[in-house]
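Worksheet for the structure shown next.
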2 protein chains.
Amino acid sequence: MAPTTRQPAEHPDPAAATPPPPTRGKGRPRSAAADQAILDATREALAELGWGGLTMGDVAQRAGVAKTTLYRRWPSKSELVVDAIASLFDQLECSDRGSLQADIEAVVARFAELLTRPETQAALLALFAEGTRDVHLRRRIRERIVQPQKVLVQLGRANAQARGEMDPDRDAATADEEIDIIFDTIAGTVEHRLLVSGEPVTPDWIRRFTTLLLNPFPGLLR
Amino acid sequence: MAPTTRQPAEHPDPAAATPPPPTRGKGRPRSAAADQAILDATREALAELGWGGLTMGDVAQRAGVAKTTLYRRWPSKSELVVDAIASLFDQLECSDRGSLQADIEAVVARFAELLTRPETQAALLALFAEGTRDVHLRRRIRERIVQPQKVLVQLGRANAQARGEMDPDRDAATADEEIDIIFDTIAGTVEHRLLVSGEPVTPDWIRRFTTLLLNPFPGLLR
DNA sequence: GCTCTTTCGCTACTGGTCGTAGCGTATCTG
DNA sequence: CAGATACGCTACGACCAGTAGCGAAAGAGC
């Protein structure tokens with residue numbers, strides 16, 4: 001696998017990025033514009049009112065659409081919010097900046113920027129909370145939000161490997177587990193600092209955190 | 001400050017650990033047994049139904065108490081859940097096990113055990129989500145849940161310092177910022193792994209994570 | 001023992017939300 | 001043009017947070 005830069009649009013099914021329209025191709029087709037308007041309205045309402053304040057009726061009104069139309073596409077409020085938030089994470093990327101530390105710093109900065117937006121603050125946590133109970137929702141969150149983030153870390157490692165930064169003696173299994181730890185550490189730490197501790201993620205902080213994360217991993221770098 | 005082991009009961013106001021009863025000492029006193037029954041019922045309902053499924057009426061019924069009694073002591077569902085969950089974190093401690101790594105491993109294990117319980121899984125995330133909107137609730141969460149955790153990290157550092165593990169040349173300001181980073185990293189990583197990634201925190205994982213965290217911090221250890 | 005004060009349980013109620021049902025209409029396919 | 005599907009609208013059922021008002025219980029202080 002060649003180390004490549006991940007561009008925003010890279011879905012397996014680019015046409016049906018949001019709700020799978022069960023169109024069987026006979027009657028009146030679904031309005032794609034309505035889809036977009038609903039997602040936009042959801043993000044807007046999320047930013048203004050947060051998870052708790054967001055109501056389906058309000059979203060419908062903002063989107064200029066009937067409430068029933070929302071339920072024709074998304075089975076519940078949670079699933080609608082998953083898609084509305086997930087589209088933001090689609091914009092993440094991991095470009096090759098010459099060193100693993102620089103790559104990770106860029107990812108952290110972008111991730112922190114997303115988590116600082118008002119529409120994501122409460123929504124992400126509320127989604128995760130809901131996901132601990134609803135198995136189906138949990139899987140959907142993983143696919144649409146968590147997995148795309150993890151891919152970034154894997155890409156960063158592939159790039160570092162191609163640049164010859166990594167210790168070639170490490171076996172693949174160990175390295176894969178390390179990826180898991182590193183991913184949980186990056187995402188969890190930034191989330192905790194922003195959403196729980198409530199302190200900002202500055203470039204200086206990113207530098208210090210990334211240094212802590214990378215320099216020491218015994219034997220990871222050559 | 002002597003490096004000391006933190007015991008469970010260490011509140012500034014040990015009598016009013018839960019709701020501040022505005023008793024002015026004239027008429028019928030509040031039933032302390034009811035307080036305990038309500039908190040127990042809350043945790044029980046939380047474990048069974050999660051945050052979304054928990055209703056004040058249900059909690060009242062389980063506790064054998066009128067719903068109005070709940071609202072006489074806690075202003076809202078969120079605040080009740082804060083206290084119900086916070087009492088679990090009161091049991092955390094950081095005993096001196098001879099090395100910083102051992103101390104942190106013990107804290108991580110205990111913290112992970114708490115986050116694995118069904119009653120905390122969804123409740124914590126839902127609380128944090130609610131806290132991003134409600135300033136008052138956010139402060140309360142910090143006082144009752146986040147701060148006690150942070151104290152553990154500070155205690156661990158004090159113990160390490162007393163044992164002579166720390167580099168004495170580091171200035172206090174830098175060290176304090178490091179405490180913040182380390183705290184966010186420990187809490188955030190464990191939370192993310194358990195609640196978002198949904199993977200278990202095993203002793204082996206704890207060992208690897210702690211090693212990653214400590215060995216490398218440039219100049220932290222002597 | 002008596003009174004005063006506060007809490008307690010109960011019932012009823014308001015306001016709001018999710019999610020659904022039914023119907024007539026609009027819009028596209030073949 | 002006919003069939004099929006999506007759409008907007010209104011109304012509705014179920015549920016829940018949180019409040020109001022009352023009579024009764026249970027202590028505190030004398």
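Chain letters run A, B, ... following the sequence lines, proteins first, then strands; residues in each count from 1.
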Is the base of [N] touched by the side chain of [X] through a donor-acceptor pair closer than 3.5 angstrom?
X     : N      : result
A:R72 : D:dG8  : yes
B:K26 : D:dG29 : no
B:T55 : D:dC15 : no
B:K77 : D:dG18 : no
A:R28 : D:dA4  : no
A:S31 : D:dC7  : no

Checking all strands, does [X] fall into the base, sugar-phosphate, or nothing category for heavy-atom contacts under 4.0 angstrom?
X     : value
B:G64 : sugar-phosphate
B:S76 : sugar-phosphate
B:L54 : sugar-phosphate

In whole angstroms, how far is the [atom2] atom of [N] from the [atom1] atom of [X]?
X     : N      : atom1 : atom2 : value
B:L70 : D:dT19 : CG    : C1'   : 14 Å
A:D58 : C:dG16 : CG    : P     : 13 Å
B:W74 : C:dC8  : CH2   : P     : 11 Å
A:I38 : D:dA6  : CD1   : P     : 14 Å
A:E79 : C:dC18 : CD    : P     : 15 Å
B:Y71 : D:dC16 : OH    : C1'   : 8 Å
A:D35 : D:dA6  : CG    : P     : 12 Å
B:K67 : D:dG18 : NZ    : P     : 9 Å

Pairing of [X] and [Y] as salt bridge, 4.0 angstrom limit:
X      : Y      : result
A:R97  : A:E105 : no
B:E79  : B:R144 : no
A:R110 : A:E93  : no

Side-chain donor/acceptor of B:T42 to backbone N/O of B:I38, under 3.5 Å: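 Yes; at least one donor-acceptor contact below 3.5 Å.
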B:R117 to B:T120 - nearest heavy-atom pair and separation: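 Looks like O-OG1, 2.9 Å.
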Nearest-neighbour nucleotide for the B:T68 side chain, C:dC8, D:dT19, C:dG22 considered: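 Among C:dC8, D:dT19, C:dG22, the one nearest the side chain of B:T68 is D:dT19.
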Nucleotide nearest B:R73 (side chain, heavy atoms from C-beta), chosen from D:dA20, C:dT7, C:dT20: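 Of the options given, the side chain of B:R73 lies nearest C:dT7.
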